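What you see is a predicted model; the values in this text were computed from it and never measured.
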Amino acid sequence: MLEIVNGHSRSFRDSLAMPSENTVYNALQHVASSLHPYLALANCHTVDVLVYDMWSKVLPQSLGQDLDKISVDTLCQILGPSGRSSEPMLESIKKECPSLHEFLSLLHSLHLNNLGVLSSKEEVYSHLKLCRRTEAPALQLGRLMKEKKMHEVGVMTQLIATLCRELCASWVCDMGAGKGYMSALLAR
């Protein structure tokens, strides 16, 4: 999609004020390098934690000691309802649990909202001139998911397909989106 601004054409990407590929690359490199020390923990299966005592083998000792100091309820309060650390609660454990504070602060800093690589949903919709009530393509997945989920997958598929078309993207990396229904629809 080209937009004419002051007699000059501007691409969709430029009009959306998206971060540069270099900015995104640097942010992803930062995330990968910051999480590398915790890779063994991330790759650990729940059964391994229980059967092979992987918790004590892969969790840094100081972080484990800090987790032992606080209750599950306190940890849930620190993380908040969305799983993102609330600043006041996070600060409350700084002296008593420094390793946990450092770890949660690291995770907070690595959230996509804090890396400067996101455009707001409203900004994307306004540039794509999409209405939230846009009809999604009819899906034939009734046996695989409920109607509400079919609608959500349809709307997201339409948004991603439009973004790919407008940005001339040749591929999409669908990570952690479940069973791959959206990827299958995008591949059509």
Counterpart residues, side chain to side chain contact (heavy atoms under 4.5 Å, CB included), relative to Asp48 (two or more places apart): Cys44, His45, Tyr52, Met54
How many angstroms lie between atom [atom1] of [X] and atom [atom2] of [Y], to the nearest 0.5 angstrom?
| X | Y | atom1 | atom2 | answer |
| --- | --- | --- | --- | --- |
| Thr162 | Leu159 | OG1 | CG | 6.5 Å |
| Ile160 | Ser183 | CD1 | OG | 10.0 Å |
| Ile78 | Leu104 | CD1 | CG | 6.5 Å |
| His111 | Leu118 | NE2 | CG | 8.5 Å |
| Ser109 | His30 | OG | NE2 | 4.5 Å |
| Gln158 | Leu186 | CD | CG | 11.0 Å |

Can you hop from [X] to [Y] via hydrophobic side chains spaced under 4.5 Å?
| X | Y | result |
| --- | --- | --- |
| Leu110 | Tyr25 | no |
| Val172 | Leu163 | yes |
| Val49 | Val47 | yes |
| Val72 | Leu107 | no |
| Leu106 | Leu39 | no |

Can you see which heavy atom on [X] is nearest to which on [Y], and at what distance?
| X | Y | result |
| --- | --- | --- |
| Ala40 | Val58 | CB-CG1, 3.8 Å |
| Cys97 | Ile70 | SG-CG2, 3.7 Å |
| Glu96 | Lys69 | O-NZ, 3.0 Å |
| Asp66 | Pro98 | OD2-N, 3.3 Å |

Under the side-chain hydrogen bond (donor to acceptor under 3.5 Å, both in side chains) test, residues paired with Ser71 that sit two or more places apart: Thr74
Ser34: partners by side-chain hydrogen bond (donor to acceptor under 3.5 Å, both in side chains), with sequence neighbours left out: none
Min side-chain heavy-atom separation Leu59-Phe103 under 4.5 Å: no
